[in-house]
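The block underneath contains the structure these notes are about, expressed in structure tokens.
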Amino acid sequence: MEAPAARGGERMRLRVVAVVVVLAMAAATARAQLQVGYYDTLCPAAEIIVQQEVSKGVSGSPGTAAGLLRLHFHDCFVRGCDGSVLLDSTPGNQAEKDAAPNSSLRGFEVIDAAKTRLEQACYGVVSCADVLAFAARDALALVGGSSYQVPAGRRDGNVSVAGETNGNLPPPTANVNQLNQIFGSKGLSQAQMVALSGAHTVGMAQCSSFSSRLYSYGTNGGKDPSMDPAYLATLSTQCPQSGASQPVAMDPVTPNTFDTNYYANVAANRGLLASDQALLADNSTAAQVLGYTTSPGTFQTDFASAMVAMGAIGVLTGNQGTIRTNCRVVG
């Protein structure tokens with residue numbers, strides 16, 4: 001006879017699967033409401049303007065590309081892709097951008113520059129949420145990623161609450177089950193989660209995001225045994241236990257190139273965050289990780305597809321929401 005705990009675990013798994021299916025259907029409906037070429041007649045220069053401003057920003061600071069990717073991700077995972085991550089805090093409200101998980105977000109000035117030009121060209125037409133989606137796509141292309149068409153027509157939300165980042169953004173300590181739960185709650189599959197994790201092939205992470213792996217791992221403290229010893233020694237030099245938190249390249253080999261080195265690093269036990277290395281500890285995610293190391297074209301295709309799916313999370317369309325003329329201010 002099957003043990004009660006086993007039956008309970010299976011019921012829980014089936015409930016999670018059911019929730020993911022329902023959310024995936026909702027996401028498909030949202031994607032259907034968005035359109036490629038949405039601004040072709042409403043504001044023909046919209047995507048060109050965003051691309052030009054992203055190009056300026058990345059040429060001046062290559063790390064901006066990773067920042068814009070992360071901005072879009074952090075926007076979509078809290079309240080959906082509604083531009084709420086761009087809103088500034090007010091005396092009565094701490095906004096998402098000032099929550100602890102968002103303290104190192106960057107690229108806001110690129111969005112501001114693009115939005116200023118868009119308002120001059122087509123006042124009150126292009127949403128901040130769409131600017132973020134276009135900017136992420138354009139930033140990706142500038143650092144070696146595959147470009148893709150972005151369905152548009154999102155509208156902006158006017159609510160941004162710092163506390164809502166809790167439980168919605170995956171922590172750097174997450175295991176595969178936790179990652180699946182968070183991504184699944186957004187209607188994204190495990191395969192899409194592994195593909196989107198590849199965004200960590202560009203950009204930086206603060207020492208505080210992984211220092212526990214160097215100095216206080218496990219119940220007795222110490223070093224994370226799953227990390228390559230040579231890599232751990234290097235990181236310990238970059239992030240001394242008594243030192244201040246500082247940025248460290250997510251991919252020490254090609255930090256500003258969108259490639260499959262992230263997966264090669266994870267396969268070699270050189271994933272920076274615990275949530276990165278966790279992908280090798282699960283058989284199904286490990287197979288996808290290893291597959292990407294030998295098939296960069298598949299990764300690029302999967303990543304672009306997952307970005308389109310992510311860009312449809314919880315979107316406001318039609319008469320919902322608004323079009324903010326200043327992305328930092330409710331209006």
Side-chain donor-acceptor contact under 3.5 Å, [X] with [Y]:
{"X": "N265", "Y": "Y231", "answer": "no"}
{"X": "R117", "Y": "Q52", "answer": "yes"}
{"X": "Y292", "Y": "D302", "answer": "yes"}
{"X": "S295", "Y": "T298", "answer": "yes"}

Are [X] and [Y] packed together at the side-chain level, in the sense that at least one heavy-atom pair is separated by less than 4.5 angstrom?
{"X": "K186", "Y": "F77", "result": "yes"}
{"X": "Q190", "Y": "N180", "result": "yes"}
{"X": "F303", "Y": "T260", "result": "no"}
{"X": "V143", "Y": "P62", "result": "no"}
{"X": "S61", "Y": "R106", "result": "yes"}
{"X": "P171", "Y": "I182", "result": "yes"}
{"X": "V131", "Y": "C327", "result": "no"}

Just verifying a value: how many Å separate [X] [atom1] and [Y] [atom2], rounded to the nearest 0.5 Å?
{"X": "C207", "Y": "Q246", "atom1": "SG", "atom2": "CD", "value": "4.5 Å"}
{"X": "C81", "Y": "R154", "atom1": "SG", "atom2": "CZ", "value": "6.0 Å"}
{"X": "I313", "Y": "F183", "atom1": "CD1", "atom2": "CZ", "value": "8.5 Å"}
{"X": "L87", "Y": "D98", "atom1": "CG", "atom2": "CG", "value": "11.0 Å"}
{"X": "L132", "Y": "L69", "atom1": "CG", "atom2": "CG", "value": "11.0 Å"}
{"X": "S211", "Y": "Q238", "atom1": "OG", "atom2": "CD", "value": "13.0 Å"}

**Request:** Going by the side chain to side chain contact (heavy atoms under 4.5 Å, CB included) test, name the single residue among V78, D75, T165, I111 that passes it with V85.
**Result:** D75
**Qualifying residue for side chain to side chain donor-acceptor pair (under 3.5 Å) with Y262, from D276, T293, T254, T201** = D276
**Item:** Given E96, E164, R79, the one that forms side chain to side chain donor-acceptor pair (under 3.5 Å) with S84
**Value:** E96
**Asked** For C128, does its backbone N or O pair with a side-chain atom of D156 as donor and acceptor, under 3.5 Å?
**Response** yes
**Asked** Ignoring hydrogens and geometry, is there a side-chain-to-backbone donor-acceptor pair from K115 to V126 under 3.5 Å?
**Response** yes
**Prompt:** Once the angle between the rings of F299 and Y263 is folded into 0 to 90°, is it parallel (under 30°), tilted (30 to 60°) or perpendicular (over 60°)?
**Reply:** perpendicular
**Message:** Within a 6.0 Å radius of atom CD on Q149, are there more than 12 heavy atoms belonging to other residues, nucleotides or ligands?
**Reply:** no
